[in-house]
> 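I have a structure here, written as structure tokens, and I will follow up with some questions on it.
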Amino acid sequence: MTPIVSLDLASWRPNAPEEQQTAIRTLEGGGVLLLPHLAFELSRGERRFLSPAWSNDRAKNISLEGNVLKGARGDPESLAALAHMIARFAERAGELVTGLFPRYAPYVKRARTSFRPQPAVGRTLSWRKDDSRLHIDAFPSRPNRGERILRVFSNVNPVEDRVWRVGEEYAAMAQKFLPQIRRQLPGTPALLALLHVTKGIRSEYDHLMLGMHDKAKADLGYQRDCPQQTVRFPPGATWLCFSDQVMHAAVSGQYMLEQTIHLPVTALYDPESSPLAILERLCGRRLLPAH
Ligand code: SIN
Ligand code: FE
């Protein structure tokens with residue numbers, strides 16, 4: 001079973017060695033680190049952002065990348081305040097990761113921060129985009145060639161839990177789905193990049209990650225019967241996981257902040273714990289082109 005480990009942390013700048021050890025072991029072990037009492041506090045003025053009305057109709061999430069706010073609508077003054085709130089969360093999340101995982105510190109450059117004011121489930125989406133089905137994160141247009149996806153989440157809903165299902169361990173899931181994935185046709189990765197379907201070349205690693213994402217989501221029997229547990233993230237809780245490794249699915253909830261941090265495999269305390277290393281062991285071959 002995927003470990004869910006709680007730490008009674010109340011500071012965004014932790015530095016106790018025991019807390020670091022627990023955090024490292026949990027995350028790199030493919031688990032979820034739950035910090036039930038580490039709340040991201042909204043100011044009174046910011047509480048007005050707890051409404052789906054701030055998202056424009058096109059985007060699923062509101063996001064901040066650098067100084068650019070996307071997916072939101074409202075008057076300029078409100079949007080500046082909203083961007084400020086999201087930027088503050090990005091800063092806290094970065095401090096938290098630096099405090100718990102000192103080795104990751106050089107990579108805590110801001111990737112993308114999102115505010116998710118829509119209900120976690122309920123909108124009709126294609127099965128591939130349906131995050132209420134158990135999946136690992138893998139994105140068709142963004143090959144990452146083994147780079148890790150570390151995510152920090154905070155439930156800013158004052159009254160409602162965010163609820164997930166968390167599935168079986170990565171290696172068990174991979175063993176189930178790898179045999180179902182066909183090899184990429186030679187030339188396909190270059191063609192996809194040329195047509196700008198992908199941002200850069202889709203490596204064999206990316207092809208397999210995407211394949212497992214799709215096979216797991218499409219398999220309703222697996223969704224129903226695979227080993228899984230329900231995990232509740234109460235109001236004021238923060239949690240972290242490597243979302244490219246933890247099988248996760250949204251069940252319910254609304255109003256969450258999320259920070260993504262990309263890490264090269266070499267930044268890990270134990271690179272052998274990465275999905276890349278696990279897949280290469282299972283396949284018995286290298287899955288990234290040699291440089
Ligand atoms: C996801 O990351 O797949 C969805 C998580 C959520 O909406 O809580
Ligand atoms: Fe996801």
Side-chain angles (χ1 to χ4, degrees), residues 2-3 24-32 101 103-104 106-107 109 111-112 128-129 131 133-151 166-219 222 226-227 240-249 260-291:
T2 297
I24 293 163
R25 207 173 330 112
T26 302
L27 248 66
E28 295 199 2
V32 178
F101 313 92
R103 258 188 80 93
Y104 302 172
Y107 305 97
K109 52 182 190 280
R112 175 195 278 190
R128 237 180 158 204
K129 288 187 179 167
D131 288 341
R133 302 182 189 210
L134 286 160
H135 64 283
I136 48 166
D137 286 344
F139 304 101
S141 61
R142 276 186 279 154
N144 59 18
R145 298 173 204 88
E147 199 170 69
R148 307 302 314 274
I149 305 172
L150 169 56
R151 289 191 149 163
V166 172
E168 65 184 333
E169 287 189 5
Y170 179 86
M173 179 280 297
Q175 269 169 310
K176 223 156 280 171
F177 291 110
L178 278 179
Q180 302 179 24
I181 302 169
R182 288 202 224 139
R183 288 276 189 116
Q184 296 192 98
L185 293 174
T188 304
L191 190 64
L192 292 175
L194 194 70
L195 298 174
H196 300 290
V197 175
T198 58
K199 218 166 144 188
I201 294 282
R202 184 183 287 173
S203 66
E204 199 180 352
Y205 169 81
D206 291 295
H207 174 71
L208 293 177
M209 290 291 281
L210 207 53
M212 292 187 293
H213 169 278
D214 288 357
K215 295 284 180 199
K217 276 189 175 175
D219 188 337
Y222 178 79
C226 71
L240 302 85
C241 70
F242 278 114
S243 64
D244 55 355
Q245 185 165 22
V246 171
M247 288 292 282
H248 62 283
T260 302
I261 292 166
H262 294 283
L263 292 172
V265 169
T266 51
L268 299 176
Y269 291 82
D270 178 17
E272 292 302 310
S273 70
S274 65
L276 175 63
I278 294 170
L279 288 182
E280 288 190 338
R281 283 197 294 275
L282 288 173
C283 295
R285 63 176 187 278
R286 287 294 151 111
L287 299 173
L288 293 182
H291 288 291

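Because the structure is a prediction, the values reported are computed rather than measured.
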> Check Pro289 against Ser203 and note the closest heavy-atom contact, atom names and distance.
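For Pro289 and Ser203, the tightest heavy-atom pair comes out as CD-CB, 4.3 Å.
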> Examine distances only and state if a side-chain atom of Glu280 and a backbone atom of Leu287 form a donor-acceptor pair shorter than 3.5 Å.
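Here the side-chain-to-backbone pair exists.
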> If you round to the nearest 0.5 Å, how far is NE2 of His135 from OG of Ser243?
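Going from the OG atom of Ser243 to the NE2 atom of His135 covers 7.5 Å.
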> Starting at OH of Tyr107, measure out to CG of Leu263 and round the result to the nearest 0.5 Å.
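Interatomic distance, Tyr107 OH to Leu263 CG, rounded to 0.5 Å: 8.0 Å.
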> Just distance, no hydrogens or angles: give the donor-acceptor pairs under 3.5 Å from side chains in residues 171-180, sequence neighbours left out.
unit_1 : atom_1 : unit_2 : atom_2 : d
Lys176 : NZ     : Glu168 : OE1    : 3.1
Lys176 : NZ     : Glu168 : OE2    : 3.1

> So, does Ser273 use its side chain to make a donor-acceptor pair with the main chain of Gly29 at under 3.5 Å?
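Checking the backbone N and O of Gly29 against the side chain of Ser273, no donor-acceptor pair under 3.5 Å is found.
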> State which residues pass ring-ring contact (aromatic ring centres under 6.0 Å, His included) with Tyr205; sequence neighbours excluded, sorted by chain then number.
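Per chain and number, Tyr205 pairs via ring-ring contact (aromatic ring centres under 6.0 Å, His included) with no residue.
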> Hey, are the side chains of Leu192 and Pro189 touching, using non-hydrogen atoms and a 4.5 Å cut-off?
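Heavy-atom side-chain distance check fails, nothing below 4.5 Å.
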> What's the shortest heavy-atom distance between Val265 and Leu276, and which atoms?
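Val265 and Leu276 have their closest heavy atoms at CG2-CD2, 4.3 Å.
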> Distance check, rounded to the nearest 0.5 Å: Asp214 atom CG versus Asp219 atom CG?
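Between atom CG of Asp214 and atom CG of Asp219 there are 12.0 Å.
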> Determine the minimum heavy-atom distance between Leu134 and Lys217, stating which atoms define it.
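Looking at all heavy atoms of both residues, the closest pair is O-CG, 3.9 Å.
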> Please give me the minimum heavy-atom distance between Lys215 and Ile181, naming the atom from each residue.
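Heavy-atom minimum between the residues: CG-CG1, 4.3 Å.
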> So if I apply the side chain to side chain contact (heavy atoms under 4.5 Å, CB included) rule between Glu204 and each of Arg285, Met209, Arg286, which one comes out positive?
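It is Arg285; the other options fail the test.
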> Who are the side chain to side chain donor-acceptor pair (under 3.5 Å) partners of Arg202, not counting sequence neighbours?
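Here no residue qualifies.
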> Could you pull out all residues at least two apart from Asn144 that satisfy side chain to side chain donor-acceptor pair (under 3.5 Å)?
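Once residues adjacent in sequence are excluded, Asn144 has no partner under the side chain to side chain donor-acceptor pair (under 3.5 Å) criterion.
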> If you round to the nearest 0.5 Å, how far is OH of Tyr170 from CG of Leu279?
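If I round to the nearest 0.5 Å, the distance is 3.5 Å.
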> If you round to the nearest 0.5 Å, how far is CD of Gln245 from CG of Asp137?
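It comes to 12.0 Å.
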> Taking side chain to side chain donor-acceptor pair (under 3.5 Å) as the definition, give me every residue that meets it alongside Arg142, ordered by chain and number, with sequence neighbours left out.
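Listed in chain order: nothing, the list is empty.
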> If every non-hydrogen atom of Ala193 is compared with every non-hydrogen atom of Gly200, which pair is closest and at what distance?
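In terms of heavy atoms, the two residues are closest at CB-O, 3.6 Å.
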> Can you tell me how far apart CZ (Arg103) and CG (Asp270) are? Round to the nearest 0.5 Å.
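Rounded to the nearest 0.5 Å, the CZ-CG separation comes to 10.0 Å.
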> Is the closest side-chain donor-acceptor distance between Asp131 and His248 under 3.5 Å?
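No.
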> Measure from the side-chain N and O atoms of Arg148 to the backbone N and O of Ala267, and report whether any donor-acceptor pair falls under 3.5 Å.
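Not at all, since once roles are kept as given, no pair shorter than 3.5 Å links the two residues.
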> What I'd like to find out is whether the side chain of Ile261 reaches to under 4.5 Å of the side chain of Tyr104, using heavy atoms alone.
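A side-chain contact under 4.5 Å is absent here.
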> Within a strict 4.5 Å, meaning less than it, do heavy atoms of the Phe139 and Asp244 side chains meet?
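No - every pair of side-chain heavy atoms lies 4.5 Å or more apart.
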> Among pairs that include at least one residue of residues 181-200, which meet side-chain hydrogen bond (donor to acceptor under 3.5 Å, both in side chains), considering only residues two or more places apart or in two chains?
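Non-adjacent pairs meeting side-chain hydrogen bond (donor to acceptor under 3.5 Å, both in side chains): zero.
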> Would you say Asp206's side chain and Arg145's backbone share a donor-acceptor pair under 3.5 angstrom?
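It does hold such a pair.
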> What I'd like to find out is whether the side chain of Thr2 reaches to under 4.5 Å of the side chain of Met247, using heavy atoms alone.
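No, side chains not in contact.
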> Provide the closest heavy-atom pair for Cys283 versus Leu208 in the form atom of the first, atom of the second, distance.
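Heavy-atom minimum between the residues: SG-CD1, 4.0 Å.
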> Quick one: are Glu28 and Phe242 in side-chain contact, heavy atoms under 4.5 Å?
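SC-SC contact between Glu28 and Phe242 confirmed.
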